[in-house]
Protein chains: 2
Amino acid sequence: MLLSKGCIYGLRSSLFLASQENDGYVSIREISEKLDISFHFLTKILQQLTSTGLMESHKGPKGGIRLTKSGSEVNLFEIVAAIDGVELFTECALGLPGCGVKKPCPLHEKWAGTRDGIRYMLENTNLMELAKKGKEQNLRITEHGGFEWLLNNDCNDAS
Amino acid sequence: MLLSKGCIYGLRSSLFLASQENDGYVSIREISEKLDISFHFLTKILQQLTSTGLMESHKGPKGGIRLTKSGSEVNLFEIVAAIDGVELFTECALGLPGCGVKKPCPLHEKWAGTRDGIRYMLENTNLMELAKKGKEQNLRITEHGGFEWLLNNDCNDAS
DNA sequence: GAGTTTTAAGAGTATTTTGTCTTAATTTAA
DNA sequence: TTAAATTAAGACAAAATACTCTTAAAACTC
């Protein structure tokens, strides 16, 4: 698996926040229910994003979490790096410590190119463009629910 | 981590076998000692490669394991797929089941392109070219040892 | 055929990842 | 000022991954 579960949850949550119409706090409980993610686990993931400054949280009623910057200013690499770290983008494909141009493994050059391709894609994709696309085309952000349903329904809705 | 430890061990072992001068059986014990991999663990990994037909094994003295095809006919994708499976190359970056052109997530297109890039690199890299490169430039195949040392020393060597 | 060398197979252990539960601290609002 | 709502933090549990150990089966050598 390329990204850890926590990282995937972090990306989905970030995308959800970026697709909100207003920029107020959204409670983690709501995110966890709408995205079908374990509440307590998500809490810990999002703490990593607040500790790195990508999000800010607020306690109490009307509290929750929100992006510190506009979705258009946050790229996916920032989120991945905050949760999974940058090892994926620095490590050797054959697992050799310290693999690099100075002491390469036979696969180093090719892998470095591919690795940079992943990084480039993540760095050049921001939350806003994904949220826009998701809303316009009502794409999925959870197993069964698209953006449309997600943004127009309360959790408590019986429907 | 992109590849599991087992997969990395499988790749290193395959590369080691492809770099042998003769095509006889090499004992798993020798591979495990030279590549510094746990013997019993490696045994299980290589069993996956023999069960998929990429390698063949032989018991008893003079036994061991060897590639069924020439190193130039084995690409890295075959090895990765045999050990880690093809999920990496089919799964959604956001973890949504069944993500694809029909029911995409907002990231699907971009991720599919990147994913195919990884696959393309693996499919278009064969063991022989890596072994050749490794031997010519005496690159590393283990943390401290290069190809040269590896191929010219017996395990029992006191040196 | 007996003994040795090797892979095969399975049970068991350790570590990491993933997820759960409880309590504390903070904030709002009645 | 009390109660409710929320995040923060830490202990705990489950599952997956990584690794170890023991025994069995096969093949070679004498």
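The analysis underlying the following values was restricted to heavy atoms, covering all of them including side chains, and did not include hydrogens, waters or symmetry mates. To find a chain, count down the sequence lines: A is the first, B the second, and so on, and within it residues start at 1.
The list of ring pair (Phe, Tyr, Trp, His ring centres under 6.0 Å) pairs with a residue in residues 117-136 of chain A, not counting sequence neighbours, is empty.
Here the C1' atom of nucleotide C:dA8 and the CZ atom of B:Arg29 are 14 Å apart, to the nearest Å. Computed from coordinates, the A:Glu33 CD to D:dA5 P distance equals 13 Å when rounded to whole Å. Protein atom CD1 of A:Ile65 is 16 Å distant from nucleotide atom C1' of C:dT27, rounded to whole Å. Spacing between atom CD of B:Glu30 and atom P of C:dT7 amounts to 10 Å, rounded to whole angstrom units. For the pair B:Leu17 CG and C:dT7 P, the computed distance is 11 Å after rounding to whole Å. A:Glu87 places its CD atom 10 Å from the P atom of C:dT17, with the value rounded to the nearest Å. Residue A:Asp84 contributes atom CG, which lies 13 Å from atom C1' of C:dT18 at whole-angstrom precision. The nearest whole Å value for the distance from the CD atom in B:Gln48 to the C1' atom in C:dT7 is 15 Å.
In this structure, NZ in A:Lys69 is found 15.5 Å from CG in A:Asp23, a value given to the nearest 0.5 Å.
Projected onto DNA chain C by closest heavy-atom contact, A:Lys62 and B:Gly63 fall at different nucleotides, the more 5' of which corresponds to B:Gly63. Of the two residues contacting DNA chain C, namely B:Val26 and A:His58, the nearest-nucleotide position lying further toward the 5' end is that of B:Val26.
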Query - Audit row: B:Asn75, B:Leu127, side-chain contact (heavy atoms from CB on, under 4.5 Å) steps and yes/no - result: CA-CA 6 Å; B:Asn75 69 58; B:Leu127 292 175; over 6 Å; no
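For the side-chain contact (heavy atoms from CB on, under 4.5 Å) with A:Leu42, the qualifying choice from A:Ile65, A:Leu35, A:Ile37 is A:Ile37, the only one to do so. Across B:Ile45, B:Leu11, B:Ile8, B:Leu3, a single residue satisfies side-chain contact (heavy atoms from CB on, under 4.5 Å) together with B:Ile83, and that is B:Ile45.
Scanning both residues, B:Leu130 and A:Pro106, for their nearest heavy atoms gives CD2-O, 3.4 Å.
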Requested in this report: For each nucleotide in nucleotides 16-26 of chain D, reading 5' to 3', give B when a protein heavy atom comes within less than 4.0 Å of its base, S when such contact involves only the sugar-phosphate, and - otherwise.
Outcome: --SBBBB--BS
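Cation-pi check for B:Arg66 over B:Tyr25 is met; the charged atom lies under 6.0 angstrom from the ring centroid and within 45 degrees of its normal.
For the pair A:Ser57 and D:dT6, the criterion of a side-chain N or O lying under 4.0 Å from OP1 or OP2 is not met.
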